[in-house]
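First the structure, in the form of structure tokens, and then the observations on it.
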Amino acid sequence: MPADARPLSFDFFNRPADRVARDLLGCRLAVCGPDGTTTRHMVVETEAYLGAHDLACHGSKGMTARTAVMFGPAGVWYVYLCYGMHWMLNVVTGAEGVPAAVLIRGVVGQAGPGRLTRALGIGREFNGRRATRSTGLWFEPGMPVSSRLIDRTPRIGVAYAGDWAAKPLRFVVDPGRLTMVEGGTVRAARRTRSTGPCMRR
DNA sequence: ACGATGATGAAC
DNA sequence: TTCATCATCGTA
């Protein structure tokens, strides 16, 4: 049984989205289900949406009824329906007035933002609510993940965003190098064999 | 009121 | 590559 961890708080989220997205890897998304049972899921994939200047970010089109929460304080859920059927779970980051957020794209066992929310029973009811224990959906710190284990790639599905489409703002824990130990510790998988020159850095 | 459009996922 | 499916937002 994991000891109760202190949820990630405002200070964690009140930073640029790319830093939050990176640091969220290895952390746990905790959900308290309707039956009162809390489940924890290690975050392994995120995307950063940086603000009004980021053309892939919803907030770049200005404030609307949907995107208003992105302009608000950090540490609040931004949940919206995508393609008419998938709920996207984001957490607002950065200073108030800056429309930035991090999309939670994957946790261990659930790849894809739409599948993740479906599996955890997350829907629009969390939109605008804070990521705290009291709302039933929050984050807890995990084992820090070494940068060696993290891939950075362009974000998915934002080809329309001009120069911003290619920015490496998607963060993924390389599953081939992730080892899950009892208790959820993240470690580098043992290198089984070296077939070529050792890649440094 | 109407039409275009997705920060997807699954099937073919 | 096609399609399911619908809230959102610009346009009228």
Side-chain angles (χ1 to χ4, degrees), chain A residues 8 12-27 29 31 41-131 137-139 145 150-175:
Chain A
L8 299 184
F12 180 92
F13 301 105
N14 190 31
R15 299 181 295 150
D18 52 344
R19 293 232 291 282
V20 175
R22 188 254 176 265
D23 291 345
L24 231 26
L25 297 179
C27 293
L29 178 61
V31 203
H41 311 267
M42 185 184 295
V43 177
V44 294
E45 182 178 348
T46 58
E47 277 179 4
Y49 290 86
L50 302 187
H53 58 296
D54 174 0
L55 298 184
C57 180
H58 289 168
S60 68
K61 305 267 198 314
M63 193 189 301
T64 66
R66 180 182 65 156
T67 63
V69 306
M70 290 188 87
F71 290 79
V76 171
W77 298 116
Y78 167 47
V79 183
Y80 68 94
L81 187 64
C82 189
Y83 293 105
M85 56 188 88
H86 303 294
W87 294 105
M88 300 288 109
L89 177 67
N90 302 252
V91 61
V92 176
T93 71
E96 215 166 324
V98 176
V102 171
L103 170 65
I104 310 304
R105 285 195 69 90
V107 297
V108 170
Q110 298 297 335
R115 301 186 64 180
L116 181 161
T117 54
R118 185 159 53 87
L120 304 196
I122 295 166
R124 80 171 331 156
E125 66 272 17
F126 287 102
N127 188 51
R129 304 177 72 173
R130 291 165 57 204
L137 187 63
W138 69 97
F139 288 108
V145 178
I150 299 175
D151 287 340
R152 294 187 58 164
T153 80
R155 294 167 291 185
I156 304 298
V158 298
Y160 58 83
D163 290 341
W164 286 89
K167 308 267 187 198
L169 293 171
R170 173 172 172 246
F171 300 78
V172 190
V173 177
D174 182 347

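Just the heavy atoms: all of them, side chains too, but no hydrogens, waters or symmetry mates, feed the values below. Below, chain A is the first sequence line, B the second, and so on; all start at residue 1.
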Quiz item: Near DNA chain C, under 4.0 Å by heavy atom, which residues of residues 89-99 of chain A?
Solution: none
Quiz prompt | Proximity to DNA chain C (any heavy atom under 4.0 Å), residues of residues 57-68 of chain A only | solution = A:Thr64, A:Ala65, A:Arg66
Does the side chain of [Y] come within less than 4.5 Å of [X]'s, by heavy atoms?
X: A:Leu29; Y: A:Leu89; result: yes
X: A:Val145; Y: A:Ile150; result: yes
X: A:His41; Y: A:Val31; result: yes

Review item, side-chain donor-acceptor pairs of residues 52-70 of chain A, under 3.5 Å, at least two apart:
residue, atom, partner, partner atom, Å
A:Asp54, OD1, A:Ala56, N, 3.0
A:Asp54, OD1, A:Arg155, NH1, 3.4
A:Asp54, OD1, A:Arg155, NH2, 3.0
A:Asp54, OD2, A:Leu50, N, 2.9
A:Asp54, OD2, A:Arg155, NH1, 2.7
A:His58, ND1, A:Tyr78, OH, 2.7
A:Ser60, OG, A:Cys57, O, 2.7
A:Thr64, OG1, A:Arg66, N, 3.3
A:Thr64, OG1, A:Thr67, N, 3.3
A:Thr64, OG1, A:Thr67, OG1, 3.2
A:Thr67, OG1, A:Gly62, O, 3.4
A:Thr67, OG1, A:Thr64, N, 3.0

Quiz item: Are more than 12 heavy atoms from other residues, nucleotides or ligands located less than 6.0 Å from atom CZ of A:Arg130?
Solution: no
For [X], which contact category applies under a 4.0 Å heavy-atom criterion: base, sugar-phosphate, or nothing?
X: A:Arg170; answer: nothing
X: A:Leu103; answer: base
X: A:Met85; answer: base

Exercise. Kindly express the pairing pattern of DNA chain C in dot-bracket notation, using | wherever a base pairs with another strand and counting only Watson-Crick or G-U pairs under 3.5 Å.
Key: ||||.||||||.
Round to a whole Å and report the spacing from [atom1] of [X] to [atom2] of [N].
X: A:Met88; N: C:dA7; atom1: CE; atom2: C1'; value: 13 Å
X: A:His86; N: C:dC6; atom1: NE2; atom2: C1'; value: 12 Å
X: A:Trp87; N: C:dT5; atom1: CH2; atom2: C1'; value: 12 Å
X: A:Tyr83; N: C:dC9; atom1: OH; atom2: P; value: 16 Å

Exercise. Indicate yes or no: does A:Asp23 engage A:Arg15 in a salt bridge with an N to O separation below 4.0 Å.
Key: yes
Nearest-0.5 Å distance, [atom1] of residue [X] to [atom2] of residue [Y]:
X: A:Leu120; Y: A:Leu137; atom1: CG; atom2: CG; answer: 8.0 Å
X: A:Arg170; Y: A:Ile156; atom1: CZ; atom2: CD1; answer: 4.0 Å
X: A:Tyr80; Y: A:His86; atom1: OH; atom2: NE2; answer: 11.0 Å
X: A:Phe126; Y: A:Asn90; atom1: CZ; atom2: CG; answer: 14.0 Å
X: A:Arg19; Y: A:Phe13; atom1: CZ; atom2: CZ; answer: 14.5 Å

List the atom pairs, with distances to 0.1 Å, where a side-chain N or O of residues 92-111 of chain A and a protein N or O form a donor-acceptor pair under 3.5 Å, not counting sequence neighbours.
residue, atom, partner, partner atom, Å
A:Arg105, NE, A:Glu45, OE2, 3.0
A:Arg105, NH1, A:Glu47, OE2, 3.4

Practice problem: Would you please indicate yes or no on a ring centroid separation below 6.0 angstrom for A:Trp77 and A:Phe139? | Solution: yes
Self-check item: Range on DNA chain B touched by chain A, heavy atoms, distance below 4.0 Å
Solution: B:dG6 to B:dA10
